[in-house]
Amino acid sequence: MSLTEQTYIMVKPDGVQRGLVGNIVKRFETKGYVCRGLKLFSPTKDLLEKHYADLASKKFFPGLIEYMNSGPVCCMVWEGMNAVKEGRKMLGATKPADSALGTIRGDFCIDVGRNLCHGSDAVESAQAEIALWFPEGLQKWSDHSATWVYEDAPAPAAAGGGGGASKAGPGVGGNGKDIPEKYITYSDTTILGAKMPELNTLDYLQKGDEAKDAVSKGKTMVIFFWGKYAKGDYKLVVHMSQLAKRWPAVQFLGISCDAERGDAAKLLTKVGSSMPEQGIESFEADVPMAFDPEKKANGRFKRLAMVTSVGPGYCMIIDGTSTIKWQEQFTSSYFVADGQFEEQLRRFTEGEDLIANGPRPEDEEDEEIACDVGGDEFDAFADGDGDDY
Ligand code: RTP
Ligand code: MG
């Protein structure tokens, strides 16, 4: 259950006129939601038409646009558990007559064409509406009340991210422990700052349109390498799926290191399976996943990184200009929670400086250790006991 689900709420011109902004803010705030955006705004007709595009064929559409364009609206983004559903409940049904007393529409209006407020109807539409109405981005700040609102709230230090508490800092992982030398990403790691190579040779196993759309629109991306043959790596896939839910604005993409398409595809048939020996209650892979024919994409990353291999567990954060901002290697015994990836993603999406581990110490002899683990030849991943997945 996400504590960072967001909904877009808009107080319509009649609601603004009648002073309902304060009432609506108070309801969300006292319930425990966090405000991530709030502004009075006079929208263009074009923006309103985009917002209400799904109603374009309705008879009332021209009237709706004209009325919404007749004065300023108040735009808000509220964040918290079940924000979309709870927001709709607070606003009431579309028709005021069907709205229960105690809801905004139930208490303060009569006519459907003047129903005072708008609320997103799904998590996906909320994200699209937030992007439309707040192209400048949202406010980022730590919610000091989180532990009073949620039983499982993140510790205050990480509340701004809305996710699990992270103790990550220079040389220290999210679990508060020193990161083993070979897994530290030093600031002079070759791939950092490089431009992501073309992904046009990928053969998507699922959700390809989503990934292609994100690449063409220059969305922030997380790319991770995985392999059916790499058994210890399955937990990474689950973890990445969970991070993807936490950061819906970031596009996740998993690229297979398997030599055969059939092998890669087979892992995806295991969604929902329990894998107790890997500590997986229910296997998840709910992000775009691609087979990499002839490992062409892999080769491009390998050349960029100047390493001998890029294998399962190799993860990157890539910004909207295709620049690789962060890279970390996980393995069958070094998990995402042990490293800095999650905290770096939080920092990146909230506009904070990333943790810097400094340059690789000069007396290090083998400069490629950190990049080599998890490579094709990495035995720890070997699927040695038959084809039970
Ligand atoms: P909203 O999007 O504004 O939260 O409202 P909603 O989901 O409850 O309802 P939706 O079907 O999306 O309608 C959007 C807005 O169009 C106006 N409407 N007029 N005259 C009519 O029959 C009619 N039906 C809808 C309302 O202003 C409604 O909020
Ligand atoms: Mg609607």
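What you see is a predicted model, and the numbers here were worked out from it, not measured in a lab. For reference, positions follow the sequence shown, starting with 1.
For Arg300, the salt bridge (Lys or Arg N to Asp or Glu O under 4.0 Å) test picks out no residue, with sequence neighbours left out. Under the side-chain hydrogen bond (donor to acceptor under 3.5 Å, both in side chains) criterion, Glu129 pairs with His118, Ser120, sequence neighbours left out. In terms of the side-chain hydrogen bond (donor to acceptor under 3.5 Å, both in side chains) criterion, residue partners of Gln6 (sequence neighbours excluded) are, by chain and number, Glu79, Gln127. Residues that satisfy the salt bridge (Lys or Arg N to Asp or Glu O under 4.0 Å) test with Lys50, not counting sequence neighbours, are Asp46. Under the side-chain hydrogen bond (donor to acceptor under 3.5 Å, both in side chains) criterion, Glu136 pairs with Lys39, not counting sequence neighbours. In this structure, the salt bridge (Lys or Arg N to Asp or Glu O under 4.0 Å) partners of Lys31, at least two apart in sequence or on a different chain, are Glu86. Taking Asp98 as the reference, nothing meets the salt bridge (Lys or Arg N to Asp or Glu O under 4.0 Å) condition, with sequence neighbours excluded.
Listed by first and then second residue, the salt bridge (charged side-chain N to carboxylate O under 4.0 Å, His left out) pairs that reach into residues 185-204 are Asp203-Arg261, sequence neighbours excluded. Among residues at least two apart or in separate chains, salt bridge (charged side-chain N to carboxylate O under 4.0 Å, His left out) pairs with a member in residues 215-227 are Asp213-Lys217. Applying the side chain to side chain donor-acceptor pair (under 3.5 Å) definition to pairs two or more places apart or across chains, none involves residues 101-113.
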Distance-only criterion, 3.5 Å: show the donor-acceptor pairs between side-chain atoms of residues 12-24 and protein atoms not counting sequence neighbours.
{"unit_1": "Lys12", "atom_1": "NZ", "unit_2": "Asn115", "atom_2": "OD1", "d": "2.6"}
{"unit_1": "Asp14", "atom_1": "OD1", "unit_2": "Tyr67", "atom_2": "OH", "d": "2.4"}
{"unit_1": "Asp14", "atom_1": "OD2", "unit_2": "Tyr67", "atom_2": "OH", "d": "3.2"}
{"unit_1": "Arg18", "atom_1": "NH1", "unit_2": "Phe108", "atom_2": "O", "d": "2.9"}
{"unit_1": "Asn23", "atom_1": "OD1", "unit_2": "Arg27", "atom_2": "NE", "d": "2.8"}

Evaluation steps, salt bridge (Lys or Arg N to Asp or Glu O under 4.0 Å), between Glu284 and Lys245: CA-CA 11 Å; Glu284 280 178 64; Lys245 284 200 194 88; 2.6 Å; yes
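Taking Ile, Leu, Val, Met, Phe, Trp and Tyr as hydrophobic and joining them when side-chain heavy atoms fall under 4.5 Å apart, one finds Phe335 isolated, its cluster having no other members.
No donor-acceptor contact under 3.5 angstrom links the side chains of Asn298 and Asp292, judged on distance only. Inspection of the Thr349 and Trp247 side chains reveals an N or O donor paired with an N or O acceptor under 3.5 Å. Checked by atom type, the side-chain pair Gln340/Glu328 shows no donor-acceptor distance below 3.5 Å.
Between Phe330 and Phe341, the ring planes are perpendicular. Angles over 60° get that label, and only those under 30° would be called parallel.
Between the Tyr33 side chain and the Thr7 main chain, no donor and acceptor come within less than 3.5 Å of each other. A distance-only check finds a donor-acceptor pair linking the side chain of Ser241 to the backbone of Val237 [under 3.5 Å].
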